[in-house]
Amino acid sequence: MEIWVIVLAAVSSFLVGGLWYSPLLFGKAWNEENGGVPQTGHPAKVFGVSFLFSLLAAFCFSVLVGPNPGLYPALHMGLMVGLGFVAASFGINYQFAQRSFKLWLIDGGYHTAQFLLFGLVYGLCG
């Protein structure tokens, strides 16, 4: 996979994450489910480290799907990774941490959308 495609996938998922966790979509509910206390931290550090993790996830997914995966196989792999690996793993952790099902839907839903988006980008541009 070419590096520009990996960067495009990381940027697109990062932008979707910004919308997903904004007050327009799930930001208020996410904050309430986390105890209602706004997270603190320097925004540049939070966003910078988050983008690096998005880039790492996009790179690893590109290795998993390989070059020129085709749209349907890439979307299918995105669904399997996002829902079956990431969201399911969150579900296990959230059960032990006594976190709500609603919070799992928000976070697991984002990562499912993230990997579906990776699949879309790689299926169309790979």
Side-chain angles (χ1 to χ4, degrees):
M1 195 73 62
E2 293 188 39
I3 190 68
W4 72 269
V5 179
I6 295 168
V7 172
L8 176 62
V11 168
S12 63
S13 78
F14 191 72
L15 294 173
V16 167
L19 180 61
W20 193 274
Y21 289 103
S22 76
L24 293 174
L25 290 179
F26 304 109
K28 291 177 186 175
W30 184 84
N31 192 45
E32 289 171 9
E33 293 300 310
N34 275 306
V37 179
Q39 301 295 315
T40 59
H42 193 279
K45 179 183 176 188
V46 171
F47 285 106
V49 171
S50 295
F51 180 72
L52 289 177
F53 280 126
S54 292
L55 196 56
L56 176 62
F59 170 75
C60 291
F61 189 72
S62 76
V63 171
L64 190 62
V65 298
N68 304 312
L71 184 57
Y72 177 77
L75 287 171
H76 185 257
M77 183 67 76
L79 180 63
M80 294 296 103
V81 171
L83 184 61
F85 292 163
V86 180
S89 296
F90 274 32
I92 294 166
N93 290 349
Y94 282 24
Q95 286 303 298
F96 282 100
Q98 302 286 313
R99 292 188 171 199
S100 72
F101 182 69
K102 185 176 182 179
L103 184 61
W104 176 79
L105 287 173
I106 295 169
D107 289 337
Y110 165 68
H111 289 290
T112 300
Q114 175 189 29
F115 282 93
L116 278 168
L117 187 55
F118 287 167
L120 180 66
V121 171
Y122 295 159
L124 294 176
C125 301

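All residue numbers in this chain count up from 1 along the given sequence. Treat the numbers as computed from the prediction; the structure is a model and nothing was measured.
Using a 4.5 Å cut-off on side-chain heavy atoms (C-beta onward), I6 and E2 make no contact. Between W104 and R99 the shortest side-chain heavy-atom distance does not fall below 4.5 Å.
Residues L55 and W4 fall within the same hydrophobic cluster, defined by Ile, Leu, Val, Met, Phe, Trp and Tyr side chains chained together at heavy-atom separations under 4.5 Å. When hydrophobic clusters are built by joining Ile, Leu, Val, Met, Phe, Trp and Tyr residues whose side-chain heavy atoms come closer than 4.5 Å, directly or via intermediates, F101 is not grouped with F96. Both L15 and L124 sit in one connected hydrophobic cluster of ILVMFWY residues. Membership requires side-chain heavy atoms under 4.5 Å apart, directly or through other members. Taken together through direct or relayed side-chain contacts under 4.5 Å among Ile, Leu, Val, Met, Phe, Trp and Tyr, V5 and L52 form parts of separate hydrophobic clusters. Hydrophobic clustering (side-chain heavy atoms under 4.5 Å, transitive across Ile, Leu, Val, Met, Phe, Trp, Tyr) keeps V46 apart from V16.
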Please list, one pair per line, the donor and acceptor atoms closer than 3.5 Å that link side chains of residues 21-33 to other protein atoms, with sequence neighbours excluded.
from, atom 1, to, atom 2, distance (Å)
Y21, OH, D107, OD1, 2.7
S22, OG, L19, O, 2.8
S22, OG, L24, N, 3.2
W30, NE1, D107, OD1, 3.0
E33, OE1, S100, OG, 2.4

Quiz: residues 59-86 side-chain donor-acceptor pairs under 3.5 angstrom, not counting sequence neighbours:
from, atom 1, to, atom 2, distance (Å)
S62, OG, F59, O, 2.6

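When atom types are taken as modelled, the side chain of W20 and the backbone of I106 share a donor-acceptor pair closer than 3.5 angstrom.
Ring geometry, F118 versus F115: the interplanar angle exceeds 60°, so the pair is classed perpendicular (tilted spans 30 to 60°).
Taking each heavy atom of Y110 and S13 in turn, the nearest pair found is OH-O, 3.0 Å.
Summarising the geometry, atom CZ belonging to F90 is positioned 9.5 Å from atom OG1 belonging to T112; distances are rounded to the nearest 0.5 Å.
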